[in-house]
Amino acid sequence: MQQCVLSSQTNNIFENKPATLDGIAAMLNGIDENSFYAAETGGISLLKTIKDSLFDIIKTSSELVESLITDVIKKIDDLLENRAADPKETLAAIGRIIDAATTYSEIDLMGGGGNASENGIPAFATETTAGECLDEETQREFTGECSEHIEIAEMALLNLESNPLDAESINSIFRAFHTIKGSSAYLNLKLISELAHHAESMLVKIRDGELKYDNHCACVALRTIDILKILIFSSDGIMTDKPREYDELINDIQNVEFFACDTDENKKRAACEKSASAKSCKNITETGKEASVRIRTEKLDRLIDTVGEIVIAHSMVLQDQIFLDTGCNEFSKKITQVGNLVRELQDISMSMRMVQFKSSFQKMSRLVHDLSQKMDKTIEFETSGSDTEVDRNIVDIINEALVHMVRNAIDHGIEMSAEREAAGKPPAGKITLSAYHANGFVVVELRDDGRGLNCGKILEKARTLGIIRDDDDLPPESIYNLILEPGFSTAETVTDISGRGVGMDVVKKSIETLHGKLWIESTPGRGCRFILKTPLTLAVTDGMLVRVGKQRFIVQTNNIQMTFRPEKEMIFTVSESETAVMLHNRAIPILNLFKKFAITGAIEDPLDGIIMVIENGASKIAMLVDEIIGQYQFVARPLGGILGNISGISGGAILGDGKVGLIIDPLGIVD
Amino acid sequence: MGNEIVMQKERTTSKEEEVQSGYCGGKFLTFFLANKEYGLEILKVQEIIGILEITPVPKTPDFIKGVINLRGHIIPIVDLRLKFGMKELEYSEETCIIVVKTSGIIMGIIVDRVSEVIDIAGVDIEKTPSFGVNVNTDYILGIGKTGGKVKLILDIDKVLSEEEVIDMYKMTSPKQNGAETASREN
């Protein structure tokens, strides 16, 4: 049956000589290696066809691919002339080289705009040291590609931990290392390719069952990933010097191999499977290419900015006096139509920047793995909602906060197994990380089943640090919030994991940048829960445009609790310069913007103006403004360079009339 | 590839010149400030625009006039007269904003009037003489001589450097606070 198919294929191929390396690879697969020299399989004639087409392909290839193809032609000649010692092995080798050549020529196509031999990377034309001769674009592409593969490998490695026999995980790690090896070898980045190569060899052994995947293996593999990260993502481009632990790691990888039996038989089997898996790897990248295009975030940000400007420009047209005066019906219909399209465009561009929490959660799972080993605690880590989408910039900031929250949970929250058992809890601690959408916000929740927060200890520490007074009586929520204060830590000793009191301060800062909120819940002995709520995007924000004197300011809507015109009996004087407004039996201090910003010609009597109650963390403040001009959607921008750090002003936005309005920072305005 | 080599060559020669004369010659944009002519390296100039309405930014030193919208980008504007401690002049038709790019930061500087673009060779630039204690020559890169006239060449990076601005802010803020308390008393 198989032979029948083969011969029909053979006929086909005689007519159409394959023009691509892919075609050749397919044809090679068709050759039955066992009965290669038997005339009826047509193996010999197939090889001749392959040789012919290789001569064609060589003309349009880059030097590296060319050298690979020459090698293949030599091997084919050996086969044709019966010189090959082991035809089976030679055929397999040809398959591997063709695969490699395919990968490289694909990179050529990406990097060199289709004409690799002329425009391709000059690194290969001349023998130069790696790295420095790479042009920026290629380097970026390489790091982009690697980061994806490293992420996949890392995820699979962690997956293997709970399920050591999962063949798919091993394969995906293998594919990742293999691709990294291929592209780094192509770019002449020897350190990376060598490391990936060693890791790959180790994985082959694991996959073939020669080596048991144990903790030691896992550690070595994760360390490999770390070193790869260092090599690839170092701040000044791709590293070409050996990082500190490089040699030690290579040594360890080889030692892992050392324990395995290393017979020729096994080697061959590994080699065959390697070429097979290389093929499947290629297929995956191909399908991936169809589905998505990799875009630099910088470009995407520019697109979103421009769309934001279009929205503003559109509203400028709407507010134009000429347009308002004429009031032409037809014209206004058209403008409205444009408006709808613009809004749609805005939605699409926003969605383009949305990413899932997957990689962020994965990083946390790696962190839990590393830390739990270091601290000798057994911890189960569970995630849910990793496919929740959120603006890319937000993920980065949340990530930073999560790292500290997870560290804290492991170090302070989860107890040692013995202590847990004594308390009647399962010996393994549990940390749950989940994300979901709620009312236009993203909520990220971190829960642990550790000992919970110790109110007494926190209060004691806060008093020694002078954050609160001895006689302050705080509700539990406010006590929990104390742990967010900079320099606050109840840990007795400072370890390299936590205790310096910096971590939760970072969390607080992150949440401030996100205009988000954090709730802390805790049950002593049962664990605690951190709930982080942030807006979906930072790009376009809703705000109120207010006027003070002749100046206009923007206040973010989610900071505003309420606005009202005060009655005479609500206002009372606290001191010579301070006034407050009574609201629901609570005195809220009045902040006079005109005074704060030294604006002349503004309303100074609260009774003539409008009071805007702004939430500033736990406390509230009442801001006095002349007038609320209206609701407004804006794109927040930095004020640029030297004006970055003005307390009370978080940035600017371009208003409907093309002028700049300043955005009031409710946290910074009181200092 | 070839282009890069040529460019590198150019760079080295200009550096040699620099070593010889102490300064780097080239094209300069000249402008007037209180009847004195100043020069600015043309490579740092992004564009020149007429004066337009500036949004004041509170709590900044007075030489920072505020921010403008430059085609969707918000850029700070510095009044060079105030920055150099000269008297403020009412803006007229001739008043210009020179948009400069220094170390990645885009800013606008207000000058009385823009004059021309001239070539000054490195050898025609002299070291800044000392004017005595009252004149701060930190911002002056050198003195260029062309056509029998003298032009002060500004070190714009220094004029607009961030530390400088923050320092000035610290210097001016007590004054501002004073003004605030004064208004409170009123």
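Naming convention: chains lettered A, B, ... in sequence-line order (proteins, then strands); numbering from 1 in each chain.
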For A/Arg296, I'd like to know if atom CZ has over 12 heavy atoms of other residues, nucleotides or ligands within 6.0 Å. yes

Between B/Glu53 and A/Lys659, is the closest basic N to carboxylate O distance under 4.0 Å? yes

Inspect the contact between B/Glu88 and B/Lys65 and indicate whether a charged nitrogen and a carboxylate oxygen are less than 4.0 angstrom apart. yes

Which pairs count as side chain to side chain donor-acceptor pair (under 3.5 Å) when at least one residue sits in residues 598-611 of chain A, sequence neighbours excluded? none

B/Phe84 and B/Phe63 aromatic centres sub-6.0 Å: no

Per-residue contacts, residues 110-120 of chain B versus chain A, heavy atoms under 4.5 Å: none

Honestly, the part of B/Ile68 sitting under 4.5 Å from a heavy atom of chain A is backbone

Taking all non-hydrogen atoms of both residues, which atom of A/Ile603 and which atom of A/Leu624 are closest, and how far apart? O-CD2, 3.8 Å

